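Presented below is the structure to which this report refers.
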Amino acid sequence: MSFIDLRPYFEARMKTVDQDLREWPDAFNIENIPSGILDKSWHVEFGPFNYTGTAHTCLHFDCPVRLQVFIKGYREPKEAVDSALKFADAIVKECCKLSNRLNQATIKNVLPNLIDIRKLTQGNDNCAVLELTFDCEIVIC
């Protein structure tokens, strides 16, 4: 049992939401995604993980996971925001579906925490960044 189960969980959920979504694999830097693949790219960040208690021989942790999805609006920034809202709905539904979140070996629950839509940079306001944060309960025995 391990924290390592978080990444595959979210990879599988994102593939289910839209086959065109592709993960940007750089662990920390989202500023270097090439503009040619920016649309429908996503990035995942972890932590910090918080110890929440012990039950018998198992240790419980609250593990925040942040997904960032990049969506181009092309001519109108409003299009990017509207697409981000649709993706937010689909991603939350898929990640928090009972059959997904409650049937994992070490991930005991996945609940939404924060949804935010912002522009990519000061100079690029036609690309929206959808940020979703999930609280994942991990049990290590």
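Keep in mind that what you see is a predicted model, and the values were worked out from it rather than measured.
- Side-chain contact between Phe3 and Phe49 is present, with heavy atoms from C-beta onward closer than 4.5 Å.
- When atom types are taken as modelled, the side chain of Asp135 and the backbone of Val110 share no donor-acceptor pair closer than 3.5 angstrom.
- In this structure, the side chains of Glu131 and Arg66 come closer than 4.5 Å at one or more pairs of heavy atoms.
- Side-chain N/O atoms of Asp5 and Gln104 include no donor and acceptor closer than 3.5 Å.
- Within the model, atoms CZ of Arg22 and OG of Ser41 stand 4.0 Å from one another, a figure rounded to the nearest 0.5 Å.
- At a threshold of 4.0 Å, the pair Asp89-Lys93 counts as salt-bridged, since one of the basic side-chain nitrogens sits closer than that to a carboxylate oxygen.
- Taking 4.5 Å as the limit, every side-chain heavy atom of Ile117 sits out of range of all side-chain heavy atoms of Val129.
- Taking the six-membered ring where the residue is Trp, Phe10 and Phe134 present tilted rings, their angle falling between 30° and 60°.
- Distance check, rounded to the nearest 0.5 Å: CG of Leu98 to CG of Asn109 gives 9.0 Å.
- The backbone N or O of Ile138 lies less than 3.5 Å from no partner atom in the side chain of Thr106, so there is not a single donor-acceptor pair.
- Annotation: side chain of Asp82 is not in contact with side chain of Phe87 (no heavy-atom distance under 4.5 Å).
- Residues Val44 and Val65 form a side-chain contact, since some pair of their non-hydrogen atoms from C-beta on lies under 4.5 Å apart.
- Note that CD1 of Ile91 is 9.0 Å distant from CH2 of Trp42, once rounded to the nearest 0.5 Å.
- Under the 3.5 Å distance criterion, the side-chain polar atoms of His43 are left unmatched by any main-chain donor or acceptor of Leu67.
- Phe61 and Tyr51 have perpendicular rings, their planes meeting at more than 60° on a 0 to 90° scale where under 30° would count as parallel.
- Of the listed residues (Val17, Leu130, Asp18), just one forms a side-chain contact (heavy atoms from CB on, under 4.5 Å) with Val69, and that residue is Leu130.
- The backbone N or O of Cys96 sits less than 3.5 Å from a side-chain atom of Arg101, completing a donor-acceptor pair.
- Residue Ile71 comes nearest to Ala84 through the heavy atom pair CD1-CA, 3.5 Å, listed as atom of the first residue, atom of the second, then distance.
- Looking only at distances, no side-chain donor or acceptor of Lys40 sits under 3.5 Å from a matching main-chain atom of Ile37.
- Between Ala80 and Lys72, the closest heavy-atom pair is CB-C, 3.8 Å.
- Considering every non-hydrogen atom in both Pro34 and Trp24, the closest pair reads CD-CH2, 3.5 Å.
- By the 4.5 Å heavy-atom criterion applied to side chains, Leu120 and Leu38 are counted as neighbours.
- Within the 4.5 Å cutoff, side-chain heavy atoms of His60 are placed close to those of Glu137.
- Here the two cysteines Cys136 and Cys63 have their SG atoms 2.5 angstrom or farther apart.
- Side chains of Gln68 and Arg118 form a contact here, defined as non-hydrogen atoms less than 4.5 Å apart.
- A pairwise comparison of heavy atoms in Phe46 and Arg7 identifies CE1-NH2, 3.4 Å as the closest pair.
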